[in-house]
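Whatever order the structure lists ligands and atoms in, that order sets their numbers, starting from 1.
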Amino acid sequence: MKQPQSANEKPTTALNFLEQIIQKDLKEGRAGGRIHTRFPPEPNGYLHIGHAKSICLNFGLANKYNGKCNLRFDDTNPTKESLEYVNAIREDVRWLGFDWEDREYYASDYFEKLYEMALFLIRKGKAFVCEMTGEEIAEGRGTPAIPGKLSPWRERPVEENLDLFERMRKGAFPDGSKVLRAKIDMASPNMHMRDPVMYRIMRATHHRTDDKWCIYPMYDWAHGQSDYLENITHSICTLEFEVHRPLYDWFLDNLEIKDNRPRQYEFARLNLNYTVMSKRKLLELVEGGYVNGWDDPRMPTISGIRRRGYTPASIRMFSDKVGVAKRENVIDMALLEHCVREDLNKNAPRVMAVLDPVKLVIDNYPDDHTEELQAICNPEKPEDGHRIVPFSKTLYIERSDFLEDPPKKFFRLSPGKEVRLKYAYIIRCEKAVKDASGNITAIHCTYDPDTKSGMGSTKKVKGTLHWVSAEHSVEAEVRLYDRLFNEPSPDNAAGDGDFKESLNPLSLKIGKALVEPSAGDAKAGDRFQFERTGYFCIDPDSQPGKLVFNRTVSLRDSWAKQQKDK
Ligand code: ATP
Ligand code: MG
């Protein structure tokens with residue numbers, strides 16, 4: 001067994017509670033030893049990092065236990081759903097590295113069967129057509145302590161219910177004029193059991209069934225039966241559905257389904273600080289123009305973090321580290337960023353790029369001369385070999401790497417001091433040239449030709465700087481992202497106010513960078529480490545001759561420090 005790395009890291013062999021349940025089920029031969037899960041999104045928005053957790057969990061368990069995992073769209077509300085969302089969800093699940101093979105299903109595939117099942121319940125006297133308005137039903141439900149009122153239509157004869165329900169389907173009644181309700185218990189302490197609505201009349205064109213239906217099943221009616229129809233063994237969902245479970249079981253009981261019943265297990269949803277995850281709020285950010293679309297790199301959507309440069313492996317790693325909890329908790333964004341750094345550190349090729357350039361001239365270096373220096377692509381992956389970085393008399397370095405009047409422990413460049421230019425030579429600063437208003441326009445240095453990197457020089461200096469050659473570097477746009485919100489929990493911080501009040505006005509800064517030429521022909525999605533600066537990826541807005549880089553994540557976690565300094 002692997003030893004724990006720290007006090008709060010569990011040994012990797014510890015099973016989460018779902019794995020324990022599955023192993024027990026396998027041992028006892030439940031469901032013939034089958035494991036079948038599903039990921040059931042409603043196609044009414046883009047998926048976010050919380051959904052990613054659910055995807056990794058459902059597909060992950062199926063993979064681990066030789067089972068299967070379906071992708072099922074719970075498409076029961078055509079007014080909010082669309083093909084755009086279906087396609088985005090498909091792309092996101094695939095991108096995360098999971099395969100549902102030919103098992104792509106839709107609740108709408110089951111509309112006919114669900115209708116038949118509803119007829120079955122009506123015939124048993126377990127469902128009735130109710131003519132109360134939505135408002136009346138809501139008012140009549142009571143509170144957990146006070147029983148609800150019985151619908152005046154509750155005792156309709158079966159024949160009348162059958163006739164009305166059939167005519168509801170045929171379009172005989174206006175929208176909202178009638179519903180089908182389960183006849184359960186208006187005094188139940190569980191509000192979900194108080195004669196819940198199963199069908200509503202709604203003339204809306206569905207992205208799959210078109211205008212075939214004008215009655216649509218409610219999510220609670222469709223969901224459990226869909227799991228049953230797909231032979232799902234473990235219906236894994238988030239904690240808020242725990243109180244729906246008795247209803248799902250009631251439906252299965254009253255449909256007289258005995259074999260192959262899905263069992264539902266609930267886990268705590270993933271909450272992350274410094275962001276919001278409700279689809280409604282994300283939609284509000286998109287529609288209000290607070291971000292540039294669902295795939296804005298500041299969004300917690302899967303399409304956003306993909307564009308930001310996060311990797312599928314880092315999301316899977318994050319999902320693993322978060323684990324499966326039974327109680328609500330909030331995960332620190334820093335953990336997600338840590339996983340991203342871990343993966344990029346191993347896999348992203350290094351390049352040098354200067355984000356805030358100041359010119360550096362090596363006075364004793366020959367004019368019009370270029371040397372091709374060897375630089376390691378990735379010290380974590382020696383097999384990736386070397387790249388060529390051109391060196392010449394005029395370079396750019398970071399403005400912040402020079403101080404005219406440095407404090408004691410400043411090991412970068414200042415007058416009379418020496419540093420190494422990465423992969424190149426040791427240089428000594430001779431003087432800085434300023435313009436009329438005192439801004440430094442150029443730093444003049446001399447180099448020591450005997451100190452070329454890799455040539456056995458034993459001379460040591462404390463600082464090493466990244467640089468680019470003025471003549472050879474490529475200009476690029478850089479988009480520097482920060483957290484979308486200033487508050488750890490934007491939802492709560494707002495109180496009765498608006499969560500958008502805690503939006504971070506500095507969440508996007510656009511700047512320019514000079515990049516070494518090896519990155520010059522990179523393609524959208526390519527990821528790099530800008531040495532000493534951070535991880536960056538190429539944005540799809542890039543065009544030939546106009547590179548756009550997104551900062552994926554800084555090299556170290558500077559957020560905690562910044563907050564402290566504030
Ligand atoms: P809504 O129901 O408001 O539209 P939702 O986020 O629940 O939003 P669904 O499409 O119903 O969206 O979610 C699909 C699956 O993802 C569900 O099984 C749900 O439990 C799971 N899920 C949603 N949010 C999270 C989260 N933050 N953490 C883990 N799983 C989640
Ligand atoms: Mg939901």
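At a 4.0 Å heavy-atom cut-off, ligand 1 touches R269 through backbone and side chain alike. Contacts between D74 and ligand 1 below 4.0 angstrom, taking non-hydrogen atoms only, are absent altogether.
The closest non-hydrogen atom to atom 31 (C) of ligand 1, taken over P41, G50, S235, P43, comes from G50. Comparing heavy-atom distances from atom 13 (O) of ligand 1 across M277, K53, H51 singles out H51 as nearest. Of the candidates N271, T238, L57, the one placing a heavy atom closest to atom 19 (C) of ligand 1 is T238.
Of all atoms in ligand 1, numbered sequentially from 1 with element shown, those under 4.0 Å from a heavy atom of S54 are 16 (O), 21 (C), 30 (N).
Distance check: F536 CZ to F549 CZ gives 8.5 Å after rounding to the nearest 0.5 Å.
The ring of H51 has its center no closer than 6.0 angstrom to the ring center of Y46. A ring-centre distance under 6.0 Å is not found for F485 and Y274. With ring centers used as reference points, F17 lies 6.0 Å or more from Y265.
Using a 4.0 Å cut-off between a side-chain N of Lys or Arg and a carboxylate O of Asp or Glu, D296 and R298 qualify as a salt bridge. A salt bridge does not link R306 with D295: every distance from a Lys NZ or Arg NE/NH1/NH2 to an Asp or Glu carboxylate oxygen is 4.0 Å or more.
Distances between N or O atoms of Y219 and those of ligand 1 include no value under 3.5 Å. Taking only nitrogen or oxygen atoms, main chain and side chain alike, P40 does not reach within less than 3.5 Å of ligand 1.
Using 4.0 Å as the threshold, H48 has a heavy atom nearer than that to some atom of ligand 1.
Of the possible donor and acceptor atoms, one in the side chain of R194 sits under 3.5 Å from a partner among the backbone N and O of S188.
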